[in-house]
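First the structure, in the form of structure tokens, and then the observations on it.
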Protein chains: 2
Amino acid sequence: MANEGNNSAEGTLTLGGYLASIRNDRKMTLRDVEEATEKGVSNAYLSQIENDKIKKPSPNVLHTLSELYSISFEGLMGMAGHVTSSGVTNDETRHGRAATFAEHNLTSEEEKELIEYLQFIRRNNDGA
Amino acid sequence: MANEGNNSAEGTLTLGGYLASIRNDRKMTLRDVEEATEKGVSNAYLSQIENDKIKKPSPNVLHTLSELYSISFEGLMGMAGHVTSSGVTNDETRHGRAATFAEHNLTSEEEKELIEYLQFIRRNNDGA
DNA sequence: ATTGCTTGCTTGACAAACTTAGCATGCTGC
DNA sequence: GCAGCATGCTAAGTTTGTCAAGCAAGCAAT
């Protein structure tokens, strides 16, 4: 089976993680979002999106979420891979996943803490 | 007090036992903690945590407790098993320098935990 | 066209986190 | 004895995220 594009190296801050962080910022539950969008996005489906189980959520869903969260629709489209490389519309999409770090507006101190935490994770590499 | 003398073995100190021992050190009651955290952790719930009835208390709760007790949040996260780090990088060991998210291969679960942690950092260090 | 595969998406059920209300015991003082 | 209250704990319920199963539509190939 030609399995292209599905890089197994997950772990970058992707669309799902980004959407989850924003929902946490808004202090909403999955069902809150379902209600707020008037069933525009079911809670179970949003869960799958946030865990990157869905490769490309439809522009429809992304638009609903971008409006609810008041975030950039183009950015979501870019993260989801809907925008073709030739049709990149702004620098948010250009940066892709790595740049999402910057979207959190971390101070260097915060970043340092995060890195420490990441290394702690690494150090605790135990089977169970 | 039902849980006395069951955590004498150093090697098998659980999250609950650890938290209970610290609370005893601070000479606080369950309800003291509930009030000190401004209902951040209910006394009933803390009791369940200390008796290991709850497998993985949320990062939210762990952070609240780590602040109240002035102990390591990372340590609590590790004890709680929030940090699985299974299926992370093959030991490439590229954590030589502080990097961005993109250079750390996190599972989506780890990523979500990290994001929650990020929320706490921002909530605390906020204002600037 | 029809089969079969893939993928977005829904509904319903489930496990676990968390809350609320209350129990049992122990400690005071009466 | 008794009331009153504090402390730890639990039973039962609610909330939250996720999984399992399935439907509908698109696409490829026979």
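Letters A, B, ... are given to chains in the order of the sequence lines, protein chains preceding strands, and every chain is numbered from 1. This structure is a prediction, so every number in the text was calculated from the model and none was measured.
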>> I'd like to compare against my own output: the B/S/- annotation of nucleotides 19-24 of chain D with a strict under-4.0 Å heavy-atom distance to protein.
In response: B-----

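Taking atom NZ of residue B/K55 and atom P of nucleotide D/dG17, one finds them 18 Å apart after rounding to whole Å. A/D52 has its CG atom 15 Å from the P atom of C/dT7, to the nearest Å. In this structure, the CG atom of A/L46 is 15 Å from the P atom of C/dT11, given to the nearest Å. Taking atom CG on A/L65 and atom C1' on C/dG8, their separation rounds to 14 Å, with Å as the unit. Atom pair B/K39:NZ and C/dT20:P shows a separation of 9 Å (rounding to whole Å applied). Note: CD1 (A/I54) to P (C/dT6) measures 16 Å, nearest angstrom. As a whole-Å value, the separation of A/L15 CG from C/dG8 C1' is 14 Å. Rounded to whole angstrom, the span from the CD1 atom of A/I49 across to the P atom of C/dT7 amounts to 15 Å.
A side-chain donor-acceptor contact under 3.5 Å links A/D32 to the backbone of A/T29. In terms of modelled atom types and a separation under 3.5 Å, the side chain of A/N43 and the main chain of A/E34 share no donor-acceptor contact.
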>> For a salt bridge (charged side-chain N to carboxylate O under 4.0 Å, His left out) check, start with the C-alpha distance between B/E35 and B/K39, then their side-chain angles and the critical distance, and finish with the verdict.
In response: CA-CA 6 Å; B/E35 194 168 325; B/K39 313 283 189 199; over 6 Å; no

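Minimum heavy-atom separation, B/K56 to B/A80: CG-O, 3.1 Å. Of all heavy-atom pairs spanning B/R26 and B/Y69, the tightest one is NH2-O, 2.5 Å.
Within the structure, every side-chain polar atom (N or O) of B/K56 is placed at least 4.0 Å from both OP1 and OP2 of C/dA17.
The side chain to side chain contact (heavy atoms under 4.5 Å, CB included) search around A/S47 returns A/L30, A/N51, not counting sequence neighbours.
For the pairing with B/P57, the side chain to side chain contact (heavy atoms under 4.5 Å, CB included) check across B/L46, B/T64, B/L62 returns one residue only, B/L62.
Going from atom OG of A/S58 over to atom CD1 of A/I49 covers 7.5 Å, rounded to the nearest 0.5 Å. Rounded to the nearest 0.5 Å, atoms CG (B/L65) and CG (B/L76) are 7.0 Å apart.
Within residues 27-38 of chain B, the residues approaching DNA chain C are B/R31, by heavy-atom distance under 4.0 Å.
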